[in-house]
Protein chains: 2
Amino acid sequence: MAIENTSRERLLASAKILIHSRGYADVGVQELCSHAGIKKGSFYHFFPSKQALTLAALDEMMGEIKQRVFVPAFSKEVPPLERIRRFFRLSHVMQCDGKLETGCVLGCSFGNLALELGTREEEIRTVIEGLFAMVIANFRDTLEEAIATGDLPPGIDTDATAQALLAFLEGILMIAKNRNDPDVLLGQEEMALRLCRV
Amino acid sequence: MAIENTSRERLLASAKILIHSRGYADVGVQELCSHAGIKKGSFYHFFPSKQALTLAALDEMMGEIKQRVFVPAFSKEVPPLERIRRFFRLSHVMQCDGKLETGCVLGCSFGNLALELGTREEEIRTVIEGLFAMVIANFRDTLEEAIATGDLPPGIDTDATAQALLAFLEGILMIAKNRNDPDVLLGQEEMALRLCRV
DNA sequence: AAGTTACTTGACCGGTCGGTAAAATGTCAA
DNA sequence: TTGACATTTTACCGACCGGTCAAGTAACTT
């Protein structure tokens with residue numbers, strides 16, 4: 001672990017990688033601390049609970065994904081439908097990076113936690129619901145712009161279609177994680193575009 | 001718990017409902033036994049481990065889903081594309097039933113466990129990979145029949161499209177579970193059919 | 001130098017985890 | 001009636017869980 005960072009930063013980094021790859025329940029506070037190079041007693045100086053650390057980690061991960069995927073994919077300089085293609089291609093790149101770093105396909109941290117904690121950690125569930133809504137909103141805006149530019153015919157339900165795009169992404173990530181093969185995402189951008197045509 | 005059944009059957013029934021709704025790690029052997037109305041010591045007379053019970057439960061659940069969804073949906077007496085519609089409508093019915101019974105949308109037991117245990121229970125991971133492959137095969141056969149009957153134009157990649165259908169289903173189930181709203185599945189059969197058109 | 005604060009440490013808490021062992025009880029056939 | 005076998009019960013195991021606490025140390029202000 002990079003020791004030049006503060007303990008708090010190292011804890012967050014450890015939570016991001018460990019919980020993303022192995023899930024919430026399987027990673028204990030002790031292991032998070034060992035990985036971050038601190039003693040367990042220090043943990044609660046920075047975070048009041050394991051849940052709080054997870055929420056903070058989710059927030060940081062969303063920030064990173066915005067930076068690495070959303071910003072380059074949903075650039076206004078790119079034609080709308082090409083943005084969706086880019087989004088899926090960048091998701092592929094991210095899964096490849098994750099596998100190179102950890103040896104296993106990580107999938108979507110939000111999707112992973114949504115299913116693992118959906119019926120038992122209400123606060124985390126709510127946060128993920130919000131994150132999903134934000135992704136859907138991005139897709140929806142892109143679809144509406146595609147209609148405005150004539151790239152898509154009017155009359156499609158942009159909200160429902162945007163939700164379907166997120167669903168398809170999450171499902172593909174699930175299959176990729178299950179097979180431990182990031183290349184399941186290869187070429188899925190064209191499959192995603194099928195969802196946009198009536 | 002219905003006491004007329006054998007202890008083993010009650011254990012299996014408890015595992016199906018508890019693990020499906022709350023996940024693998026959150027349901028302990030003690031709770032499984034209490035729910036089944038037996039003492040913990042008896043557990044290991046019927047199953048060598050919690051993992052073994054889970055595998056047996058997965059097997060039974062697949063059997064039930066075949067009976068309640070696959071058989072009626074993929075009936076040879078129904079036009080191919082209508083089978084896919086039926087499949088998604090029946091999935092909606094099942095999620096509604098699950099919510100009525102437990103108070104929360106259960107989602108897909110295979111998808112749930114695939115994400116929770118994907119990187120830590122290799123045997124369960126493998127079983128789920130096989131189940132996914134079987135679902136995809138059903139979709140693929142249906143798509144090929146749709147091409148044969150002229151309901152779909154030739155030239156689409158039936159394997160990739162079948163995989164996309166499974167991905168879309170799993171993603172929609174994830175969103176429904178996250179929002180605890182089974183009606184997220186309402187009307188998704190038409191969205192699924194978009195994936196089948198080139 | 002003194003005081004204040006941020007951080008770190010190790011020892012400890014009750015509770016639960018999956019799993020084991022042995023004795024007690026029920027069941028059925030010879 | 002006896003013996004064999006399946007089932008159930010109770011008590012127990014070491015390990016780990018998330019979390020607490022009080023004391024110690026480093027760092028920064030004044």
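Per chain, numbering begins at 1; letters A, B, ... match sequence-line order.
One can place CG of Asp26(B) at 19 Å from P of dG15(C), the figure rounded to the nearest angstrom. To the nearest angstrom, P of dC7(C) lies 14 Å from CG of Asn5(A). Atom CZ of Phe47(B) is separated from atom P of dT8(D) by 12 Å (rounded to the nearest Å). The NZ-P distance, from Lys50(B) to dT20(C), rounds to 15 Å in whole Å. Between Leu53(A) atom CG and dG19(D) atom P there is a gap of 11 Å when expressed in whole angstrom units. Residue His45(A) contributes atom NE2, which lies 4 Å from atom P of dC7(C) at whole-angstrom precision.
With respect to Glu31(B) and Arg22(B), a salt bridge is recorded, a charged nitrogen being found less than 4.0 Å from a carboxylate O.
Among the heavy atoms of the strands lying under 4.0 Å from Gly41(B) is at least one base atom, whether or not backbone atoms are also near. In this structure, Phe43(B) reaches neither bases nor backbone, as no heavy-atom distance under 4.0 Å exists between it and the strands shown.
Between Glu31(A) and Ile38(B), the one whose closest nucleotide on DNA chain D sits nearer the 5' end is Ile38(B).
Neither OP1 nor OP2 of dC7(C) sits under 4.0 Å from any side-chain N or O of Ser7(A). Within the structure, a side-chain polar atom (N or O) of Lys39(A) is placed less than 4.0 Å from OP1 or OP2 of dG10(C). Contact between the side-chain N/O atoms of Tyr44(B) and the OP1/OP2 oxygens of dT20(C) is not found at any separation under 4.0 Å.
Two residues are said to be in side-chain contact when any heavy atoms from C-beta on lie closer than 4.5 Å; Leu165(B) and Cys196(B) meet this criterion.
Of the candidates dC7(C), dG19(C), dC17(D), the closest approach to any side-chain atom of Lys40(B) belongs to dG19(C). Comparing dT9(C), dC17(C), dG19(C) by their closest approach to the side chain of Gln30(B) singles out dC17(C). With dG19(C), dG19(D), dC7(C) as the choices, the nucleotide that has an atom nearest any side-chain atom of Phe46(A) turns out to be dC7(C).
Cation-pi geometry between Lys50(B) and Tyr24(B) is met: the NZ or CZ atom falls under 6.0 Å from the ring centre, inside 45° of the normal.
Counting only distance, with no hydrogens or angles, the side chain of Arg125(A) and the backbone of Thr119(A) share no donor-acceptor pair below 3.5 Å.
Residues Phe87(A) and Phe74(A) place their aromatic rings such that the two centres sit under 6.0 Å apart.
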